[in-house]
Amino acid sequence: MEVSKLIELTRIDEIKILQDVRLIHRHDLNPIYTKENLRVQFTIEGELKGTITCYLCLDGHELAPMDKNYIYPLFVESMNILVGKQISLDDDISSFNIKLSPPKLNMNSTEVNTSLKRMMQKYHLELEGALFTVLTEYNIAVIN
């Protein structure tokens with residue numbers, strides 16, 4: 001199989017995901033560096049191949065265990081909704097036959113530097129007055 005082109009998804013400006021949860025897109029040219037994050041990854045198969053990785057940046061946030069138990073499931077569900085909307089609303093890929101895996105949560109932090117990556121988008125997850133940075137990284141290609 002041969003990769004014919006990389007796909008860049010359109011940007012969603014703002015969506016209300018769940019009650020009291022909003023996801024707001026921010027276009028920011030400043031590089032973002034995060035050491036404390038958790039990530040959710042989706043795998044795409046079918047006429048498109050690739051992965052979508054979403055990072056919840058926790059740098060500077062002190063979270064009690066009860067807060068984590070509340071925020072983490074909301075983050076996973078929010079990313080599931082965002083990725084589904086991105087795929088269904090994007091004119092370049094909505095016509096492809098694809099299979100999206102269930103979200104896979106990884107609690108091990110990795111360093112993320114947006115100046116070293118491409119195909120990334122930045123969002124703010126607003127949850128009951130708290131604002132968390134969310135980074136999404138798209139690595140999707142059309143396969144011939």
Distance in Å, Thr43 OG1 paired with Lys104 NZ, rounded so as to fall on 0.5 Å steps: 8.0 Å
Aromatic centroids of Phe132 and His61 separated by under 6.0 Å: yes
Tyr138 vs Thr53, side chain to side chain contact (heavy atoms under 4.5 Å, CB included): CA-CA, chis, key distance, verdict: CA-CA 7 Å; Tyr138 297 90; Thr53 307; over 6 Å; no
Spatial distance of atom CG (Leu56) from atom CE (Met107) [nearest 0.5 Å]: 10.0 Å
Gap separating the OH atom of Tyr123 from the OH atom of Tyr55, nearest 0.5 angstrom: 15.5 Å
Atom pair CD1 (Ile52) and CG (Asn139), whose distance is rounded to the nearest 0.5 Å: 9.5 Å
Side chain to side chain donor-acceptor pair (under 3.5 Å) against Asn113, all qualifying residues, sequence neighbours excluded: Ser115
Residue pair Leu58 / Leu63, side-chain heavy-atom distance below 4.5 Å: yes
Step-by-step side chain to side chain contact (heavy atoms under 4.5 Å, CB included) determination, Ile44 to Thr51: CA-CA 6 Å; Ile44 295 178; Thr51 58; over 6 Å; no
OG1 on Thr136 to CZ on Phe42, rounded to 0.5 Å: 10.5 Å
Side-chain donor-acceptor pair present, Asn37, Ser109, cut-off under 3.5 Å: no
Leu131-Leu38 co-clustered via ILVMFWY side chain contacts under 4.5 Å: no
Test side chain to side chain contact (heavy atoms under 4.5 Å, CB included) applied to Tyr33 and Val112, step by step: CA-CA 6 Å; Tyr33 176 74; Val112 178; over 6 Å; no
Glu47 side chain vs Phe96 backbone, donor-acceptor pair below 3.5 Å: no
Sub-4.5 Å side-chain heavy-atom contact between Leu125 and Ser78: yes
Criterion side chain to side chain contact (heavy atoms under 4.5 Å, CB included) on Thr34 and Thr133, from CA distance to verdict: CA-CA 10 Å; Thr34 175; Thr133 298; over 6 Å; no
Result of checking Arg39, Met120, Gln41 against Glu137 for side-chain contact (heavy atoms from CB on, under 4.5 Å): Met120
Spatial distance of atom CD (Gln121) from atom SG (Cys54) [nearest 0.5 Å]: 9.5 Å
Heavy-atom side-chain proximity of Leu135 to Cys57 below 4.5 angstrom: yes
